[in-house]
K.L.:
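Provided herewith is a single structure, encoded as structure tokens, for subsequent inquiry.
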Amino acid sequence: MFTAFNQAFRTPDLRKKLLFTLGVIVVYRAGTHIPIPGVDYRAVQQCVTQASGSQGLFGLVNLFSGGALLQITVFALGILPYITASIILQLLTVVIPRLEALKKEGQAGTAKITQYTRYLTVALAVLQGTGLVATARSGALFSGCSLAGQIVPDRSVFTTVVMVLTMTAGTALVMWLGELITDRGVGNGMSILMFISVAATAPSALWAIKKQGTLAGGWIEFGVVILIALAMVGLVVFVEQAQRRIPVQYAKRMIGRRAYGGTTTYIPVKLNQAGVIPVIFASSLLYIPSLVAQFSSGESAWKTWVTRNLVQGDHPVYISLYFLLTVFFAFFYVGISFNAEEVADNMKRYGGFVPGIRAGRPTAEYLGYVLNRITWPGALYLGVIALVPTLALVGFGASQNFPFGGTSILIIVGVGLETVRQIEGQLQQRNYEGFLR
């Protein structure tokens, strides 16, 4: 990896792309420290210090914002509205025929879907910004802080609208910065910003574990967490690169005097075909009952049950539901993202077939069979990785923002591997042996 970056900086055009990407990252990180109008910054800082480790309800959003959510800054919502909008559009593509037709139109249809994603991102940013302002005004954002009710001193309608519009504009700017990286930088811009947001919270969370430790001044706990992180990175890299290669042969066709086809290739089916999306879905779904119970007034049986079983991350009910939901969403997402019948039809159209399997419906059934079998270990792997922060709660007394939790490791390793692959691919295009060599 370091060799690839070293060679990239020696190449003038790649060096410009890397420096441009680093410049956008600096602008993004600067925006995560600029407070929005109408917020008492000193009260926020004091509440962040007092209520450290008790914001598990907002941990996922705070993770994707690089810690900007609890600071209530311009980029408080971060990249999460765009991620949510992209997932919604991807799910709707299977349900709505118009979106499915746009997807099949190629580049023009993809551009239209991207435009819809931008509109939906802005709408979700308005909705989430309003919810964040209401949460901050009610004092529920920092439940363990004595100054939680003083975070937003001015509660007028004008101030509320300005705060929501500022966070919405910040989300639109983050989306634009990500697209700039994709067009003029290196790698996928949205993935890079998500990588930076997740990695930015790791050092402070690691140091917090060291300060909370009791063995040798906390260095024993610190070292154990580092060893666990290295083991998890190795496991995630191994699993993320694992794939089942289904061989495909193309029959030879004579067109005029030339012969076409006759090649052998394969369909790569990854062990973790769904990526980090099932973990995000499961986390978000488990946060909804806690959020509703937190804002509901009075005492009822369902609110008591939710508070007792779903608020604490180390409760057996929470652990079981989290694991089962992760496995379920892994199968659900793979089922809608990989269309075995469409792949089989495309293979049949171009004269391809799996050796020993008839083209058409038998090929689709075979692909579905292989996909179901390979999804089981991938889903179980995601469920185990997702439980690492919960086990950290029990073992180290850490917060739910464990620096090397399942979501963090999957994002960091996945984006890092993809970025290095793109850099190596561009280096191979620029360093080739000439025809006369």
K.L.:
A274 and A330: which non-hydrogen atoms are nearest, and at how many Å?
P.N.:
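The pair with the smallest heavy-atom distance is CB-O, 4.2 Å.
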
K.L.:
Does the side chain of Q115 come under 3.5 Å of the side chain of Y119 through a donor N or O and an acceptor N or O?
P.N.:
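Q115 vs Y119: donor-acceptor pair found between side chains.
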
K.L.:
Using the rule side chain to side chain contact (heavy atoms under 4.5 Å, CB included), only one of V276, L80, N188, I83 pairs with M194; which is it?
P.N.:
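Looking at V276, L80, N188, I83, the match for M194 under the side chain to side chain contact (heavy atoms under 4.5 Å, CB included) is I83.
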
K.L.:
Could you tell me the separation between the NZ atom of K270 and the OG1 atom of T375, rounded to the nearest 0.5 Å?
P.N.:
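These two atoms lie 12.5 Å from each other.
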
K.L.:
Go through the steps for L99 and K112 under the test side chain to side chain contact (heavy atoms under 4.5 Å, CB included), then give the verdict.
P.N.:
CA-CA 9 Å; L99 293 177; K112 199 69 175 178; over 6 Å; no

K.L.:
Which pair of heavy atoms, one from V174 and one from L193, lies closest together, and at what distance?
P.N.:
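That closest heavy-atom pairing would be O-CD1, 3.5 Å.
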
K.L.:
Between F195 and T419, does a side chain to side chain contact (heavy atoms under 4.5 Å, CB included) hold up when you go through it step by step?
P.N.:
CA-CA 11 Å; F195 170 86; T419 304; over 6 Å; no

K.L.:
Around atom CD of Q422, are there more than 12 heavy atoms of other residues, nucleotides or ligands at under 6.0 Å?
P.N.:
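Correct, the count exceeds 12.
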
K.L.:
Is there a side-chain contact between Q243 and L271, using heavy atoms and a 4.5 Å cut-off?
P.N.:
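Q243 does not reach L271 side chain to side chain.
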
K.L.:
Kindly compute the distance separating CZ (F331) from CG (N372), expressed to the nearest 0.5 Å.
P.N.:
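Going from CZ on F331 over to CG on N372, the span is 6.5 Å.
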
K.L.:
Test side chain to side chain contact (heavy atoms under 4.5 Å, CB included) on L173 and W176 and set out the steps.
P.N.:
CA-CA 5 Å; L173 181 59; W176 180 64; 3.6 Å; yes

K.L.:
How about CZ on R155, more than 12 heavy atoms from neighbouring residues, nucleotides or ligands closer than 6.0 Å, or not?
P.N.:
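Atom CZ in R155 is crowded, with more than 12 foreign heavy atoms closer than 6.0 Å.
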
K.L.:
Does a side chain donor of either Y333 or Q273 reach within less than 3.5 Å of an acceptor in the other side chain?
P.N.:
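Not at all, the side chains of Y333 and Q273 share no donor-acceptor pair under 3.5 Å.
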
K.L.:
Does R29 offer a backbone N or O that forms a donor-acceptor pair with the side chain of T32 under 3.5 Å?
P.N.:
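Such a contact is found between T32 side chain and R29 backbone.
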
K.L.:
Could you pull out the closest heavy-atom pair between I72 and A136, with the gap in Å?
P.N.:
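Nearest heavy atoms, I72 then A136: CD1-CB, 4.1 Å.
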
K.L.:
Would you say that T171 contacts M175 through its side chain, given a criterion of any heavy-atom pair below 4.5 Å between the two side chains?
P.N.:
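In short, these two side chains do not touch, never coming nearer than 4.5 Å.
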
K.L.:
Any chance you could measure L382, atom CG, to N272, atom CG, to the nearest 0.5 Å?
P.N.:
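Between L382 CG and N272 CG, I get 4.5 Å after rounding to 0.5 Å.
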
K.L.:
Does any part of the side chain of F281, heavy atoms only, come nearer than 4.5 Å to the side chain of T326, both counted from C-beta?
P.N.:
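The answer is no; the side chains never approach within 4.5 Å.
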
K.L.:
Please report the closest heavy-atom contact between L367 and A344, naming both atoms and the distance.
P.N.:
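Closest pair (atom of L367, atom of A344, distance): CD1-N, 4.4 Å.
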
K.L.:
Are the side chains of R361 and Y366 in touch, meaning some heavy atoms are under 4.5 Å apart?
P.N.:
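In short, these two side chains do not touch, never coming nearer than 4.5 Å.
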
K.L.:
For T117 and T114, which I'm curious about, is there any donor-acceptor pair between the side chains at under 3.5 Å?
P.N.:
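No, because no side-chain N or O of T117 sits under 3.5 Å from a partner of the opposite role on T114.
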
K.L.:
To the nearest 0.5 Å, how far apart are CZ in R98 and CG in L102?
P.N.:
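Atom-to-atom, R98:CZ and L102:CG are 4.0 Å apart.
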
K.L.:
Evaluate side chain to side chain contact (heavy atoms under 4.5 Å, CB included) for E105 paired with T110, printing each intermediate quantity in order.
P.N.:
CA-CA 8 Å; E105 288 181 4; T110 304; over 6 Å; no

K.L.:
Is any side-chain heavy atom of L235 less than 4.5 Å from a side-chain heavy atom of I385?
P.N.:
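L235 reaches I385 side chain to side chain.
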
K.L.:
Heavy atoms, side chains only, cut-off 4.5 Å: are I246 and Y266 in contact?
P.N.:
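Answer no - side chains too far apart.
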
K.L.:
For the residue pair M167 and T73, what are the closest heavy atoms and their distance?
P.N.:
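Nearest heavy atoms, M167 then T73: CG-O, 4.0 Å.
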
K.L.:
Between the side chains of E179 and R184, is the shortest nitrogen-to-carboxylate-oxygen separation below 4.0 Å, so that they form an ion pair?
P.N.:
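Salt bridge flag = no for E179 with R184.
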
K.L.:
When the ring planes of F328 and F332 are compared, do they come out parallel, tilted or perpendicular, using 30° and 60° as the limits?
P.N.:
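It falls in the parallel class, under 30°.
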
K.L.:
So which heavy atom on M190 is nearest to which on T182, and how close?
P.N.:
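Where M190 meets T182 most closely, the heavy atoms are N-OG1, 4.5 Å.
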
K.L.:
Would you say the side chain of F75 lies within less than 4.5 Å of the side chain of I34, judging by non-hydrogen atoms?
P.N.:
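The answer is no, as the side chains (C-beta and beyond) never meet within the 4.5 Å cut-off.
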
K.L.:
Quick one: CG on L92 to CG on L120, what's the gap to the nearest 0.5 Å?
P.N.:
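L92 CG to L120 CG: 8.5 Å, rounded to 0.5 Å.
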
K.L.:
Report, as yes or no, whether the 6.0 Å neighbourhood of atom CZ on R373 holds more than 12 heavy atoms from other residues, nucleotides or ligands.
P.N.:
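No, the 6.0 Å shell around CZ holds no more than 12 heavy atoms from other groups.
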
K.L.:
Quick one: CG on L89 to NZ on K103, what's the gap to the nearest 0.5 Å?
P.N.:
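Output value for this atom pair is 11.0 Å.
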
K.L.:
Going by heavy atoms in the side chains, are I151 and D40 under 4.5 Å from each other?
P.N.:
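They are not in contact (no side-chain heavy atoms under 4.5 Å apart), so the answer is no.
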
